[in-house]
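Residue numbers begin at 1 in each chain, while the letters A, B, ... track the order of the sequences. All values below were derived from every heavy atom in this structure, side-chain atoms included, with hydrogens, water molecules and symmetry-related copies excluded.
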4 protein chains.
Amino acid sequence: MINNMKKKDTHKTEQLLQAARDIIISDGVAAVSTTKVAKMVGIAQSNVYIYFKNKDELLLSVFHHEQARVKAFFDARIDQTADLTTRLKAYIDAMGELAVTEWDTMTILEQIKAMPHTPVAAEDALPSDDQTVQALMQDGIDAGILKPVDPRFHMTVVFGLVRRYSDLVRNHGYSAEFAPIRAMIWDAVAV
Amino acid sequence: MINNMKKKDTHKTEQLLQAARDIIISDGVAAVSTTKVAKMVGIAQSNVYIYFKNKDELLLSVFHHEQARVKAFFDARIDQTADLTTRLKAYIDAMGELAVTEWDTMTILEQIKAMPHTPVAAEDALPSDDQTVQALMQDGIDAGILKPVDPRFHMTVVFGLVRRYSDLVRNHGYSAEFAPIRAMIWDAVAV
Amino acid sequence: MINNMKKKDTHKTEQLLQAARDIIISDGVAAVSTTKVAKMVGIAQSNVYIYFKNKDELLLSVFHHEQARVKAFFDARIDQTADLTTRLKAYIDAMGELAVTEWDTMTILEQIKAMPHTPVAAEDALPSDDQTVQALMQDGIDAGILKPVDPRFHMTVVFGLVRRYSDLVRNHGYSAEFAPIRAMIWDAVAV
Amino acid sequence: MINNMKKKDTHKTEQLLQAARDIIISDGVAAVSTTKVAKMVGIAQSNVYIYFKNKDELLLSVFHHEQARVKAFFDARIDQTADLTTRLKAYIDAMGELAVTEWDTMTILEQIKAMPHTPVAAEDALPSDDQTVQALMQDGIDAGILKPVDPRFHMTVVFGLVRRYSDLVRNHGYSAEFAPIRAMIWDAVAV
DNA sequence: CATGAATGAGTATTCATTCAT
DNA sequence: AATGAATGAATACTCATTCAT
């Protein structure tokens, strides 16, 4: 028990996922290689195949982990029993917060999704393309609150502006309120 | 045959650029390699280094070519002598047209810009970040026509929605008018 | 369930052998790997080493099993009390039947025998090199029935033609009698 | 000229082919790897791809080289203007000589042809399956000289016995005449 | 008996770049 | 201007085997 530290086995899986995440954030998905993640964790390259069937499965695992984070984030912030307008505005605010506090998560999802031969199935998606969100938007349209266009346009506005906001805040020293951006979004999507 | 050997140089350069473009469009920037472009043009791999110092310079050259196309597109469509509101609306419409007719060009610019260690300098940019456009937006803000936020937000809205519109039209069989999208954009950016 | 755990051992051994056989038949000996056989049987890769010291021992075991099948086949078909000519002809006919009905067995023996560093000792061998058969041939030679050459030549003729016959029947839709082939063999070996 | 020994470029191709041949003879086709051949020639592994598109193309090249040797061998030994029986017997004798003097060549052809996913097209083949030879056999059958069975049986007898003869001579210190073997073959194939 | 973890060596192939000719 | 040759590093993935639990 004292000199046998072998219990951490499952931990290796986590460490590999973290290594992959780190590489994606710093150098992009294309830079993720079995060699690199293994080296970062301090194991032999071939061991990666003990924990993941494939490089694809490794990346898919990263994707699902980050996706779960996003889902938890929204679940915690949007009260499904509230009225529609409230929920729509809550979604926009949640997105704004997410884009800033979970920038890395967003980047990772974006990168894996945009891969040439992405391992991510079409159904899986970025938060902005999420089925639930799309349904929410559609409800807004049906209720006459949102403009009657394909809901994907609404999602594009929200996601695009919110990402940009976060980018300016993080990478360009921009320090302004989210309020005016929220206003832009609402003016764009609302009837 | 004997004395027109000089022309081939320029021709080969163009051919290489075209080969790179083709690969970017079909398989993404990551798939561009000196081996492939050389093979496509029918020259030895090492010859690529006669026409371009680097692979980076090749991609940069592709980038500048496409950027020039975009610039020409706007120059032809926006009357700089018209009043500000007219110019702003003309810009939005031009963007809408560009996104559809020059989808490949946009894709190429996007791809090269998004590269992990992009050869594109920060000043260079997507049309939505263009200095001229940014100035136009700033004028709109100063004139009280556009919302008083960083002009990059306005550009994000225009570019994002217009790209999405084109994507739906091209890749998802969407067949609707641009008008409602133009309305969304204007509602977002206008005071 | 509690007290019949001992049986599983033998069972797993057999299953592993069968897995190896299947791979050899479908993809050749080179395709046999501890990883694959273990996966086919549904056990951990390392468990293969519980049942077999080596990959070589696994293959050797497969070899011996198939060899035993062949031996049983001949024992059942050749009456050792019959006169020499009868036994020789019975051997040829048995070989003809074996090649067709036990094609897989022959293939497996052949494949393992032909391995670059075959685990099969020189004494062990294909049926055509079998000690018993060789002795039978020698008797034929001594009795003046077969041509006075190394008995291995006689075995080569029998085995080669019979394998070819089976190959044409199985893989090339050939549908002819064995009789003319038996005649070819006899003409070749008989004085 | 004195210190520039770079002229030997084409020679490298030959050296690589020879390295592949050597490995096939000593350890079988399966043992051929780009790493090994490159090391044997003293170049970087990646250089193999300068001379051959593929490992398959390397092996195919080896195959064609050896095949050409065999063809030349037969062309030099069989007088196509001689009468049929003479040509048939000449073929058998040529085969006997070939099997002994070109043992390695036969082994190489055999090994490459027997590969799990052989790069050799079905039309290409071992000398014993050669179109020309098959035609010769067919002529013999039509002329009533050879037994009226599929010509591949005749070829099997010739090739099989001749290979065995050579094997005994080379690997088992057998030192007998070819004459009795020739007689066995003839008795088998002739009417 | 069974397993998961580990490893090092091996596989074919692609790449950007350099250089002498 | 053009090329063929060369290289070293990188890629994902498989393998036989060992060992502590």
Side-chain angles (χ1 to χ4, degrees), chain A residues 1 3-13 30-38 42-58, chain B residues 5-6 8-9 12-13 30-38 42-56 58, chain C residues 5-6 8-9 12-13 30-38 42-58, chain D residues 1 3-13 30-38 41-58:
Chain A
M1 265 199 201
N3 63 346
N4 280 334
M5 296 289 185
K6 288 281 165 78
K7 287 178 184 171
K8 303 182 185 176
D9 299 332
T10 327
H11 192 44
K12 287 273 170 70
T13 309
V32 175
S33 84
T34 57
T35 319
K36 277 186 210 150
V37 291
I43 59 174
Q45 186 215 157
S46 57
N47 291 16
V48 174
Y49 291 85
I50 294 172
Y51 302 99
F52 300 95
K53 192 174 149 269
N54 261 346
K55 189 191 160 189
D56 269 15
E57 290 243 327
L58 165 61
Chain B
M5 296 245 173
K6 292 259 164 128
K8 278 192 177 177
D9 303 342
K12 288 271 171 68
T13 309
V32 176
S33 82
T34 58
T35 319
K36 278 186 208 150
V37 291
I43 60 172
Q45 189 201 171
S46 55
N47 291 13
V48 174
Y49 290 83
I50 293 170
Y51 302 101
F52 300 96
K53 189 176 149 260
N54 259 345
K55 191 191 159 189
D56 271 12
L58 165 62
Chain C
M5 296 248 173
K6 294 259 166 131
K8 278 192 180 180
D9 303 342
K12 289 271 170 69
T13 309
V32 176
S33 83
T34 57
T35 320
K36 277 185 209 152
V37 292
I43 60 172
Q45 189 202 170
S46 56
N47 291 13
V48 174
Y49 289 83
I50 294 171
Y51 303 100
F52 300 96
K53 188 176 150 261
N54 260 344
K55 190 190 159 190
D56 270 13
E57 289 244 327
L58 164 62
Chain D
M1 265 196 203
N3 62 346
N4 281 333
M5 296 292 187
K6 289 280 166 77
K7 287 179 185 171
K8 303 181 184 177
D9 298 331
T10 327
H11 194 44
K12 287 272 169 69
T13 309
V32 176
S33 83
T34 56
T35 318
K36 276 185 211 151
V37 291
V41 172
I43 59 174
Q45 187 211 158
S46 57
N47 290 16
V48 174
Y49 291 83
I50 294 172
Y51 303 100
F52 300 96
K53 190 174 150 268
N54 262 345
K55 189 192 160 190
D56 269 15
E57 289 244 328
L58 165 62

Task: Distance, nearest 0.5 Å, that separates CG of Asn47(D) from NZ of Lys12(D) - done: 7.5 Å
Task: Counterpart base for dA12(E), defined by Watson-Crick or G-U wobble contacts under 3.5 Å - done: dT11(F)
Task: Minimal non-hydrogen separation, Ile43(B) against Val48(B), with atom names - done: CD1-N, 4.4 Å
Open item on the list: Any non-hydrogen side-chain atom of Tyr49(A) less than 4.5 Å from a side-chain atom of Thr34(A)?
Closed with: yes
TODO: Take the protein atom NZ of Lys53(A) and the nucleotide atom P of dA12(F), then report the distance between them rounded to whole Å.
DONE: 15 Å
Task: Whole-Å gap separating P (dA12(F)) and CZ (Phe52(A)) - done: 14 Å
TODO: For the side chain of Thr35(A), starting at C-beta, report the closest nucleotide among dA5(E), dA12(F), dT18(E).
DONE: dA12(F)
Task: Under 3.5 Å donor-acceptor, Lys55(D) side chain and Val32(D) backbone - done: yes
Task: d(OH, Tyr49(A); P, dA9(E)) in whole Å - done: 18 Å
Task: Per Thr34(C) side chain, nearest of listed nucleotides dA9(E), dT17(F), dG4(F) - done: dT17(F)
Open item on the list: Using heavy-atom distances to pick each residue's nearest nucleotide on DNA chain F, tell me which of Ser46(B) and Asp56(A) is more 5'.
Closed with: Ser46(B)
Open item on the list: Closest-nucleotide mapping onto DNA chain E: is Ala31(B) or Ile50(A) further toward the 5' terminus? I mean the 5' end.
Closed with: Ile50(A)
Open item on the list: As a test of reading the structure: which of dT17(E), dA12(F), dT11(E) is closest to the side chain of Asn54(B), going by heavy atoms?
Closed with: dT17(E)
Task: Side chain Gln45(A) and base dC13(F) donor-acceptor under 3.5 Å - done: yes
Open item on the list: Using the side chain to side chain contact (heavy atoms under 4.5 Å, CB included) criterion, which residues pair with Ala31(D)? Sequence neighbours excluded.
Closed with: Ile23(D), Asp27(D), Lys36(D)
Open item on the list: Can you see if the side chain of Asn47(A) gets near the phosphate of dT7(E) - specifically, an N or O under 4.0 Å from OP1 or OP2?
Closed with: yes
Task: Rounded interatomic separation in angstrom, taking NE2 from His11(A) and P from dA5(E) - done: 14 Å
Open item on the list: By the 4.0 Å heavy-atom rule, please label Val37(A) as base, sugar-phosphate, or nothing.
Closed with: nothing
TODO: Write down the distance between NZ (Lys55(C)) and P (dT18(F)), rounded to a whole number of angstrom.
DONE: 14 Å
TODO: Consider the side chain of Ala44(B), meaning its heavy atoms from C-beta on, and name the nucleotide among dT7(F), dC13(F), dG4(F) that approaches it most closely.
DONE: dG4(F)
Open item on the list: If I take atom CD in residue Glu57(C) and atom C1' in nucleotide dT17(F), what distance separates them, rounded to the nearest angstrom?
Closed with: 14 Å
TODO: Answer yes or no: does a side-chain N or O of Ser33(D) lie under 4.0 Å from OP1 or OP2 of dT11(E)?
DONE: yes
Open item on the list: Whole angstroms only, please: what is the NZ-P distance between Lys36(D) and dG10(E)?
Closed with: 9 Å
Task: Nucleotide opposite dA20(F) in a Watson-Crick or G-U pair, distances under 3.5 Å - done: dT3(E)
Task: Length of the line joining Leu58(C):CG and dA16(F):C1', which is rounded to integer Å - done: 12 Å
